[in-house]
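Each ligand, and each atom within it, is numbered from 1 in the order the structure gives.
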Amino acid sequence: MENIKRGLLIIISGPSGVGKGTIRKEIMDDETLNLAYSVSMTTRKIRDGEIDGKDYYFVSNEEFDRNIKEDNLLEWAEFVGNKYGTLKSEIERLRNLGKNVLLEIEVNGTKQVLQKCQGDDVLSIFLIPPSLEELENRIRARSTESEEAIQKRLAKAEKELKMQGDYKYVVLNDDRHRAANEIKTIIRQNIVKN
Ligand code: 5GP
């Protein structure tokens, strides 16, 4: 049987509203990168336009806690009152198929992955906004959340920006096509190394 080369684990992180989702979709469209997206589990309410099983697995608090207890999560974190986590099974299945697996997660989850996967092929990328004002505009533009939740996301963003030193690459999202191209180049270089 042909030996399949295990794929890379690629973490894309950055403050809420920085444009991770948009850039992720643009990168995923490039078939030459052989990417697969790891769908996370969350207790957050589903937003308009989101699809269960595609954007997230939307679950109850009880179901999330059961997954923690059963050690099914590679990492998990609480973010503005909701839990988010990465399923080990999802990652393993895709990497063993040779796919380079993309995780879109926040900073505390990244710390856990970097700790657990030392020596493994992990690539960490942090996206930064041109300014905090621009970030606030983006959060407000897309948000369906209360003013209180928006304020919490903004306060969290300032803290998250301070963690960019944990990442191997920092990419400025001044323009989504430019930023996506920069990330594609980074991934391509690391696939070659791998
Ligand atoms: P949102 O509610 O805007 O979809 O996500 C809130 C934050 O949670 C974002 O920074 C997003 O990247 C992060 N996030 C999404 N899935 C996961 C996950 O599985 N683990 C962790 N640690 N963070 C996640």
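- Not a single heavy atom of Asn108 sits less than 4.0 Å from an atom of ligand 1.
- Counting heavy atoms from C-beta outward, Ile10 and Leu35 have side chains that approach closer than 4.5 Å.
- Judged as a side chain to side chain donor-acceptor pair (under 3.5 Å), and not counting sequence neighbours, the contacts of Lys111 are Asp166.
- Neither side chain, Asn108 nor Tyr84, offers a donor N or O lying under 3.5 Å from an acceptor on the other.
- Under 4.0 Å from ligand 1, the heavy atoms of Phe79 that appear belong solely to its side chain.
- Residue-ligand proximity: Arg153 is placed with a non-hydrogen atom under 4.0 Å from ligand 1.
- For atom 13 (C) of ligand 1, the nearest non-hydrogen atom of the protein is Glu106 N, 3.8 Å.
- Below 4.0 Å from some heavy atom of Tyr56 lie the following atoms of ligand 1, by number and element: 1 (P), 4 (O), 5 (O), 15 (C), 16 (N).
- Residue, atom and distance of the protein heavy atom nearest to atom 20 (N) of ligand 1 are Glu75 OE2, 2.7 Å.
- Side-chain contact check for Leu74 versus Leu87: every heavy-atom pair is 4.5 Å or farther apart.
- Of all the atoms in ligand 1, the ones that sit under 4.0 Å from a non-hydrogen atom of Ala77 are 22 (N).
- For atom 16 (N) of ligand 1, the closest heavy atom belonging to the protein is Ser40 OG, 3.2 Å.
- Nearest protein heavy-atom neighbour of atom 9 (C) of ligand 1: Lys20 NZ, 3.4 Å.
- Within the 4.0 Å heavy-atom criterion, neither part of Glu50 lies near ligand 1.
- Under 4.0 angstrom from ligand 1, the non-hydrogen atoms of Arg44 all belong to its side chain.
- Between Glu50 and Arg44 a salt bridge is recorded (basic side-chain N to carboxylate O distance below 4.0 Å).
- Proximity of Phe79 to Ser16: side-chain heavy atoms (C-beta onward) are separated by under 4.5 Å at one or more points.
- Side-chain atoms of Tyr57 and Thr42 form no donor-acceptor pair, as typed in the model, at a separation below 3.5 Å.
- Within the listing of ligand 1, atoms 22 (N) sit less than 4.0 angstrom from a heavy atom of Gly109.
- The shortest distance between side-chain heavy atoms of Thr185 and Gln189 falls below 4.5 Å.
- Under a 4.0 Å heavy-atom criterion, Gln112 is not in contact with ligand 1.
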